[in-house]
A.B. asks: 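Have a look at this one.
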Amino acid sequence: MASMERYTLGHHPSVLRTHSWRTVENSAAYLSPYLLAGCRVLDVGSGPGTITTDIAQRVFPGDVFGLDASESVTQQATQRAAGLGVDNAHFLAGSAYELPFEDNSFDIVHAHQVLQHLGDPVAALREMRRVTKPGGIVAARDVVYGSASWYPLLPGLDEWMRVYQELARSGGGEPNGGRFLKAWALEAGFAEVRASASVWGFSEPDEREWWGGAWAERASSSNWGPDAISQGIATETQIQQIADAWTAWVADPAGWYAMPHGEILAVA
């Protein structure tokens with residue numbers, strides 16, 4: 001399955017813009033009590049690096065490494081960290097299946113919204129365990145797309161959910177990865193796995209514009225729509241209906257969206 005992987009969302013500016021909203025507080029609160037000064041941390045799938053730099057500020061003077069498959073994205077993350085004066089955050093390109101670190105290198109290995117995109121998440125978790133010190137923590141958080149809920153009940157958003165899930169699976173991923181995290185960790189050989197859940201919610205005008213506006217742009221301007229069309233998952237008309245539905249959702253004062261996540265703390 002790993003050989004057929006394709007990152008469903010890509011790295012369009014509309015994707016990186018939403019990813020740049022993420023912090024420890026809104027995306028890794030379950031891990032926050034363990035981010036102690038001096039910890040050495042690896043953030044797998046670090047993207048634009050906002051969570052990574054937040055972690056680095058919390059564990060200073062401990063070193064934090066952000067790893068992402070995209071070289072250009074790691075360069076952007078490096079620039080962001082430098083602009084914030086976060087000197088203990090370091091970024092490099094690489095694969096979650098072949099982490100470029102020695103065994104027992106980190107106190108914490110973290111992955112946010114990563115395992116859902118991988119064709120072999122169990123293999124990735126084993127690799128994360130390899131580079132974690134005995135007694136250290138592998139932490140992961142992933143969405144359960146199929147359990148998302150919204151209002152108003154626009155047909156175009158139902159279509160968006162269908163297309164998203166089919167396209168994600170065609171790329172080798174599991175869009176409901178959050179519900180599998182504990183099972184994946186146990187299969188990877190972790191004996192102690194603590195599981196929890198949390199929810200993103202968007203309702204205020206700026207939240208609706210940020211989330212729905214980004215999805216309207218992704219559907220119409222990124223590779224997401226053309227990929228769905230080229231694979232026969234959607235037509236041009238359906239992709240336009242999805243973009244229009246998100247635009248309508250943003251404009252509706254009653255607009256509301258909830259996105260549940262699974263979380264794990266697996267002890268190495």
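One-based numbering along the sequence shown. Since the structure is predicted, the reported quantities are computational estimates derived from the model, not experimental observations.
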A.B. asks: In Å and rounded to the nearest 0.5 Å, what is the CZ to OG1 distance from Arg80 to Thr74?
C.D. replies: 13.0 Å

A.B. asks: Apply side-chain contact (heavy atoms from CB on, under 4.5 Å) to the pair Asp63 and His90, showing each step before the final yes or no.
C.D. replies: CA-CA 8 Å; Asp63 281 320; His90 319 281; 3.1 Å; yes

A.B. asks: Ignoring hydrogens and angles, tell me if any N or O in the side chain of Asp68 forms a donor-acceptor pair with the backbone of Gly47 under 3.5 Å.
C.D. replies: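 Side chain of Asp68 to backbone of Gly47, a donor-acceptor pair under 3.5 Å: yes, one is there.
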
A.B. asks: Could you measure the distance from the CD1 atom of Ile242 to the OG1 atom of Thr247? Nearest 0.5 Å is fine.
C.D. replies: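 The OG1 atom of Thr247 is 12.0 Å from CD1 of Ile242, to the nearest 0.5 Å.
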
A.B. asks: So which heavy atom on Ala140 is nearest to which on Leu181, and how close?
C.D. replies: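 Ala140 and Leu181 have their closest heavy atoms at O-CD1, 3.7 Å.
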
A.B. asks: Working to the nearest 0.5 Å, report the span between OG1 of Thr237 and CD of Glu159.
C.D. replies: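 The OG1 atom of Thr237 sits 11.0 Å away from the CD atom of Glu159.
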
A.B. asks: What heavy-atom pair brings Ala28 and His110 nearest, and what distance separates the two atoms?
C.D. replies: CB-NE2, 4.0 Å

A.B. asks: Does the distance from a Lys or Arg side-chain N to an Asp or Glu carboxylate O, for Glu166 and Arg162, drop under 4.0 Å?
C.D. replies: yes

A.B. asks: Here's a test for you: under side-chain hydrogen bond (donor to acceptor under 3.5 Å, both in side chains), which of Arg169, His117, Arg179, Gln116 qualifies with Glu174?
C.D. replies: Arg169

A.B. asks: Do Gln231 and Asp227 get their side chains close enough for a donor-acceptor pair, meaning under 3.5 Å?
C.D. replies: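 No, Asp227 and Gln231 have no side-chain donor paired with an acceptor closer than 3.5 Å.
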
A.B. asks: Distance-only, no hydrogens or angles: does the Glu127 side chain make a donor-acceptor pair with backbone N or O of Leu99 under 3.5 Å?
C.D. replies: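 Confirmed, Glu127 side chain pairs with Leu99 backbone.
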
A.B. asks: State, yes or no, whether a side-chain contact exists between Asn104 and Val131 at a heavy-atom distance under 4.5 Å.
C.D. replies: no

A.B. asks: Is there a side-chain contact between Leu42 and Leu67, using heavy atoms and a 4.5 Å cut-off?
C.D. replies: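 Answer yes - side chains close enough.
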
A.B. asks: State whether Phe190 and Arg129 meet the cation-pi test: NZ (Lys) or CZ (Arg) under 6.0 Å from the six-membered ring centroid, and within 45° of the perpendicular axis.
C.D. replies: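 Relative to the ring axis of Phe190, which defines the angle, Arg129 lies inside both limits.
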
A.B. asks: Is the shortest heavy-atom distance from the side chain of Pro175 to the side chain of Tyr164 under 4.5 Å?
C.D. replies: yes

A.B. asks: Please answer whether the main-chain N or O of Ser203 pairs with a side-chain N or O of Glu207 as donor and acceptor at a distance below 3.5 Å.
C.D. replies: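 Yes; judged by distance alone, with no hydrogens or angles, the pair exists.
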
A.B. asks: Which heavy-atom pair separates Met161 from Ala148 by the least distance, and what is that distance?
C.D. replies: CE-CB, 4.0 Å

A.B. asks: What distance separates Asn88 CG from Thr52 OG1, expressed to the nearest 0.5 Å?
C.D. replies: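 With rounding to 0.5 Å, CG (Asn88) is 11.0 Å from OG1 (Thr52).
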
A.B. asks: Answer yes or no: is there a side-chain heavy-atom contact under 4.5 Å between Gln113 and His261?
C.D. replies: yes

A.B. asks: How close do Gly177 and Asp142 get, heavy atom to heavy atom, and via which atoms?
C.D. replies: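 Closest heavy-atom pair between Gly177 and Asp142: C-CB, 4.0 Å.
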
A.B. asks: Look only at the side chain of Ser32 and the backbone of Ala29, and say whether a donor-acceptor pair between them is shorter than 3.5 Å.
C.D. replies: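 Looks like no, no N/O pair under 3.5 Å.
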
A.B. asks: Looking only at the aromatic ring of each residue, does the gap between the centers of Trp215 and Trp249 stay below 6.0 angstrom?
C.D. replies: no

A.B. asks: Could you check whether Phe202 and Trp210 have their ring centres less than 6.0 Å apart?
C.D. replies: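 Yes - the distance between ring centres of Trp210 and Phe202 falls below the 6.0 Å cut-off.
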
A.B. asks: Any donor-acceptor pair under 3.5 Å linking the side chain of Ser230 with the backbone of Pro226?
C.D. replies: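 It does hold such a pair.
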
A.B. asks: Spell out, yes or no, whether Ile108 and Phe91 are grouped together once hydrophobic residues are joined by side-chain heavy atoms under 4.5 Å, including indirect joins.
C.D. replies: no

A.B. asks: Test your reading of the model: is there a side-chain donor-acceptor pair from Arg218 to the backbone of Gly213, 3.5 Å cut-off?
C.D. replies: no

A.B. asks: Leu265 versus Val193: any side-chain heavy-atom pair under 4.5 Å?
C.D. replies: no

A.B. asks: Are the side chain of Arg141 and the backbone of Leu31 linked by a donor-acceptor contact shorter than 3.5 Å?
C.D. replies: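 No, Arg141 side chain to Leu31 backbone: no donor-acceptor pair under 3.5 Å.
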
A.B. asks: For residues Ile229 and Thr235, determine if any side-chain heavy atom of one lies less than 4.5 Å from a side-chain heavy atom of the other.
C.D. replies: no

A.B. asks: Tell me whether the count of non-hydrogen atoms from other residues, nucleotides or ligands lying under 6.0 Å of CG in Asp252 goes above 12.
C.D. replies: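 Enclosed.
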
A.B. asks: Can you check whether Val24 reaches Ile55 side chain to side chain, under 4.5 Å on heavy atoms?
C.D. replies: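 Contact flag for Val24/Ile55 side chains = yes.
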
A.B. asks: Looking at every heavy atom in both Ala185 and Ile264, which two are closest together, and how far apart are they?
C.D. replies: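 The pair with the smallest heavy-atom distance is CB-CD1, 3.8 Å.
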
A.B. asks: Check the pair Leu115 / Leu125 against side-chain contact (heavy atoms from CB on, under 4.5 Å), numbers first and verdict last.
C.D. replies: CA-CA 8 Å; Leu115 297 176; Leu125 282 166; 3.8 Å; yes

A.B. asks: Going by atom types alone, do Ser198 and Glu263 pair a side-chain donor with an acceptor below 3.5 Å?
C.D. replies: yes

A.B. asks: Starting from Val86 and following side-chain heavy-atom contacts under 4.5 Å between hydrophobic residues (I, L, V, M, F, W, Y), which residues can be reached?
C.D. replies: Leu84

A.B. asks: Which atom names give the shortest non-hydrogen contact between Ile239 and Gly225, and what distance separates them?
C.D. replies: CD1-CA, 3.9 Å

A.B. asks: Name the residue from Trp211, Tyr145, Trp200, Tyr151 that meets the ring pair (Phe, Tyr, Trp, His ring centres under 6.0 Å) definition with Tyr257.
C.D. replies: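 Of the listed options, the one satisfying the test is Trp211.
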
A.B. asks: Hey, quick one: are Met128 and Val267 part of the same hydrophobic cluster, counting side-chain heavy atoms closer than 4.5 Å, chains of contacts allowed?
C.D. replies: no

A.B. asks: State yes or no: do Tyr97 and Phe65 share one hydrophobic cluster built from I, L, V, M, F, W and Y residues joined by side-chain heavy-atom distances below 4.5 Å, directly or via other members?
C.D. replies: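 Per the 4.5 Å side-chain linkage, Tyr97 and Phe65 are co-clustered.
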
A.B. asks: Report yes if the distance between the aromatic ring centroids of Trp160 and Trp246 is under 6.0 Å, otherwise no.
C.D. replies: yes

A.B. asks: State, with a plain yes or no, whether a side-chain heavy atom of Pro100 is found less than 4.5 Å away from one of Leu92.
C.D. replies: yes

A.B. asks: With a 6.0 Å cut-off (strictly less than), is the heavy-atom count around CZ of Phe60, excluding the residue itself, greater than 12?
C.D. replies: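 No.
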
A.B. asks: Under the criterion side-chain contact (heavy atoms from CB on, under 4.5 Å), I'd like the reasoning laid out for Val59 against Val64: C-alpha separation, chi angles, the key distance, then a yes or no.
C.D. replies: CA-CA 8 Å; Val59 304; Val64 178; 3.5 Å; yes

A.B. asks: For Asp107 and Arg40: C-alpha separation, side-chain torsions, deciding distance, then whether salt bridge (charged side-chain N to carboxylate O under 4.0 Å, His left out) applies.
C.D. replies: CA-CA 5 Å; Asp107 300 293; Arg40 183 176 168 90; over 6 Å; no

A.B. asks: Enter the distance from Thr132:OG1 to Phe106:CZ here, rounded to the nearest 0.5 Å.
C.D. replies: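 Rounded to the nearest 0.5 Å, the OG1-CZ separation comes out at 8.5 Å.
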
A.B. asks: Would you find a donor on one side and an acceptor on the other, under 3.5 Å apart, between the side chain of Glu209 and the backbone of Asp206?
C.D. replies: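 Side chain of Glu209 to backbone of Asp206, a donor-acceptor pair under 3.5 Å: no, none is there.
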
A.B. asks: With clusters defined by side-chain heavy atoms of hydrophobic residues (ILVMFWY) lying less than 4.5 Å apart, directly or transitively, does Trp150 cluster with Val144?
C.D. replies: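 Different hydrophobic clusters.
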
A.B. asks: How far does CD of Glu25 sit from CZ of Arg58, to the nearest 0.5 angstrom?
C.D. replies: 7.0 Å

A.B. asks: Under 3.5 Å, side chain of Thr50 to main-chain N/O of Arg22, donor-acceptor pair present?
C.D. replies: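 It does hold such a pair.
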
A.B. asks: Any donor and acceptor pair, going by atom type alone, linking the side chain of Asp54 with main-chain N or O of Thr23 inside 3.5 Å?
C.D. replies: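 It does not hold such a pair.
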
